[in-house]
Amino acid sequence: MYANITSVGKFLPKNIIKNSEFENFLDTTDEWIKSRTGIEERRKLDPGKASSYMAIKAIEKLIKKIKLDIHQVDCIIVSTITPDMVFPSTACLIQNYFKIKNCWGFDLSAACSGFLFGLETANALIKSKIYKKIIVVGVDTMSSILDYQDRNTSILFGDGAGAVLVEPSKNYGIIDCELGVDGSGSEFLFMPGGGSLNKTSEKTLKNKMHYVKQNGAVVFKHAVKGMYDITKKIMLRNDINNKNLKLFIAHQANKRIIESTSQRLKLKKEQVLININKYANTTAASIPIAISDACDKKLIKKNDKIILTAFGAGFTWGSCLLKWGISSD
Ligand code: COA
């Protein structure tokens with residue numbers, strides 16, 4: 001038995017921030033951002049709204065596509081590093097919005113790899129035969145933790161959400177998946193304030209500890225190696241190559257990271273999905289948004305083999321091979 005994705009949905013806020021807007025208050029240019037990252041614009045959520053709002057909108061799309069009876073959902077996994085609040089979990093807020101009966105759920109923190117960690121968790125829960133309909137959401141309101149005076153980080157991220165429904169299937173779904181963590185990378189991408197170590201205080205606010213800190217060059221190198229190594233392993237042990245793989249969906253952090261990884265894997269351009277130009281890095285939302293875009297553009301059809309891969313803060317990383325199970329018409 002496989003754990004199969006049977007419906008997908010995405011949500012992007014309407015408010016578009018073009019690269020050129022950063023030129024008004026930062027020492028940067030549209031040209032620098034485009035050439036170094038591939039990003040042209042990103043979305044920003046309106047003040048007063050939070051991650052649960054975007055997650056609910058993405059789930060509503062997923063429900064509509066297959067006329068899902070939401071009360072059959074038995075578990076909600078929300079991958080995010082920007083929950084509405086530290087507690088209660090965003091999963092509880094989503095359950096309450098839909099008033100789903102007999103369901104449990106939780107938030108999962110694995111940064112940009114969050115969606116893959118959620119998907120593999122759903123895979124294990126489905127294989128336990130205890131759970132039959134699991135929603136996995138990747139959502140992040142990165143604008144809530146960015147320092148807009150820091151040109152190294154503020155230009156890189158955007159807000160968004162993507163959601164999938166995972167159900168048992170005899171023929172389609174996750175064929176293989178491998179994940180990893182290495183906490184020695186924690187000093188290169190992190191948010192020092194707001195947790196139990198540096199509880200929110202005047203000092204943490206003054207020192208801007210409630211914002212993302214990153215050593216971009218170190219993360220870049222580890223991201224290419226991390227995604228290449230683990231995807232190569234998955235490809236080798238499942239006889240996947242550039243002839244039988246339909247689509248490679250990598251976490252959208254930097255166009256150069258995706259190109260470098262896919263070139264090392266000897267994949268052709270048309271096998272690689274890139275949408276970072278429109279949304280920037282939406283952290284846990286990047287892969288489910290990309291899956292949703294691939295479906296909307298009919299880039300994948302039933303029986304196609306696709307690979308999802310991600311790398312993120314932690315460090316965390318993973319790769320997942322699927323036999324796609326949703327028909328494209
Ligand atoms: N505009 C203009 N110049 C900028 C800039 C910006 N927005 N951001 C950084 N620079 C400058 C740097 O200060 C540096 O200047 P210096 O040489 O005078 O010190 C110069 O550009 C080159 O910096 P460097 O870090 O070598 O650039 P880069 O080509 O590595 O690109 C990143 C920077 C952040 C885009 C890139 O390292 C990256 O994408 N890293 C991975 C980030 C990531 O994916 N994180 C999410 C988790 S997966």
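Indexing begins at 1, ligand by ligand and atom by atom, following the structure's order. Scope of the values below: all heavy atoms of this structure, side chains included, with no hydrogens, waters or symmetry mates.
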Original post:
Is the closest protein non-hydrogen atom to atom 16 (P) of ligand 1 under 4.0 Å?
Top reply: no
**OP:** Report the part of T28 (side chain from C-beta onward, or backbone N, CA, C, O) that has a heavy atom under 4.0 Å from ligand 1; answer both or neither where that applies.
**Re:** both
Original post:
Counting heavy atoms not belonging to N102, are there more than 12 under 6.0 Å from its CG?
Top reply: no
Original post:
Are L265 and L247 in one and the same hydrophobic cluster, where Ile, Leu, Val, Met, Phe, Trp and Tyr link if side-chain heavy atoms are under 4.5 Å apart?
Top reply: no
Original post:
Which of parallel (below 30°), tilted (30 to 60°) and perpendicular (above 60°) describes Y131 and W104?
Top reply: tilted
**OP:** Could you tell me whether atom 23 (O) of ligand 1 has at least one protein heavy atom nearer than 4.0 Å?
**Re:** no
Original post:
What atoms of ligand 1 come within less than 4.0 Å of a heavy atom belonging to D27?
Top reply: 1 (N), 2 (C)
Original post:
Which residue holds the protein heavy atom closest to atom 46 (C) of ligand 1, what is that atom called, and what is the gap in Å?
Top reply: N281 ND2, 3.4 Å
Original post:
From atom 48 (S) of ligand 1, is the closest protein heavy-atom distance below 4.0 Å?
Top reply: yes
Original post:
Got a salt bridge between K208 and D147, using NZ or NE/NH1/NH2 to carboxylate O under 4.0 Å?
Top reply: yes
Original post:
Has K127 got more than 12 heavy atoms of other residues, nucleotides or ligands less than 6.0 Å from its NZ?
Top reply: yes
Original post:
Is any side-chain heavy atom of N242 closer than 4.5 Å to a side-chain heavy atom of Q271?
Top reply: yes
**OP:** Give a yes or no on this: more than 12 heavy atoms of other residues, nucleotides or ligands lie within 6.0 Å of atom NZ of K61.
**Re:** yes
Original post:
In terms of residue, atom name and distance, what is the protein heavy atom nearest to atom 11 (C) of ligand 1?
Top reply: R151 NH2, 3.6 Å
Subject >> Nearest non-hydrogen protein atom, atom 41 (C) of ligand 1 >> reply: G216 O, 3.5 Å
**OP:** Please confirm whether the backbone N or O of S89 pairs with a side-chain atom of D107, one donor and one acceptor, at under 3.5 Å?
**Re:** no
**OP:** Note the single closest protein heavy atom to atom 44 (O) of ligand 1, along with its residue, its atom name and the distance in Å.
**Re:** A253 CB, 3.1 Å
Original post:
Does K232 count as lying over the ring of Y228, i.e. NZ or CZ under 6.0 Å from the six-ring centre, within 45 degrees of the axis?
Top reply: no
Subject >> Element-labelled atoms of ligand 1 that are located less than 4.0 Å from some non-hydrogen atom of T37 >> reply: 35 (C)
Original post:
Does L26 have a non-hydrogen atom less than 4.0 Å from ligand 1?
Top reply: no
Subject >> Sub-4.0 Å atoms of ligand 1 with respect to non-hydrogen atoms of I155 >> reply: 7 (N)
Original post:
Among W32, F22, F311, which residue places a heavy atom closest to atom 27 (O) of ligand 1?
Top reply: W32
**OP:** Specify the protein heavy atom at minimum distance from atom 43 (C) of ligand 1: its residue, its atom name, and the distance to 0.1 Å.
**Re:** Q214 OE1, 3.4 Å
Original post:
Between K323 and Y172, is NZ or CZ placed under 6.0 angstrom from the six-membered ring centre and within 45° of the ring axis?
Top reply: yes
Original post:
Can you check whether a protein heavy atom sits less than 4.0 angstrom from atom 7 (N) of ligand 1?
Top reply: yes
**OP:** Decide if atom CD of E270 counts as having more than 12 heavy atoms of other residues, nucleotides or ligands within a radius under 6.0 Å.
**Re:** yes
**OP:** Inspect the surroundings of NE2 in H222 and state if more than 12 heavy atoms from other residues, nucleotides or ligands are less than 6.0 Å away.
**Re:** no
**OP:** Could you tell me whether atom 20 (C) of ligand 1 has a protein heavy atom closer than 4.0 Å?
**Re:** no
**OP:** Check if A223 has a non-hydrogen atom at a distance under 4.0 Å from any atom of ligand 1.
**Re:** no
Subject >> Side chain T141, main chain S143, donor-acceptor under 3.5 Å >> reply: no
Original post:
In the protein, what heavy atom is nearest to atom 28 (P) of ligand 1, and what distance, to one decimal place, separates them?
Top reply: R256 NH2, 3.6 Å
Original post:
Closest non-hydrogen protein atom to atom 29 (O) of ligand 1, residue and atom name please, with distance?
Top reply: R36 NH2, 2.7 Å
Subject >> Ring-face cation contact, F248 with K269, 6.0 Å cut, 45° max >> reply: no
**OP:** Output the list of atoms in ligand 1 that are nearer than 4.0 Å to some heavy atom of L189, sorted by atom number.
**Re:** 47 (C)
Original post:
Looking only at heavy atoms of T283, does any of them come nearer than 4.0 Å to an atom of ligand 1?
Top reply: no
**OP:** Examine the proximity of ligand 1 to T29 and report which part, side chain or backbone, both or neither, has a heavy atom under 4.0 Å away.
**Re:** neither
Original post:
Closest non-hydrogen protein atom to atom 32 (C) of ligand 1, residue and atom name please, with distance?
Top reply: N254 ND2, 4.5 Å
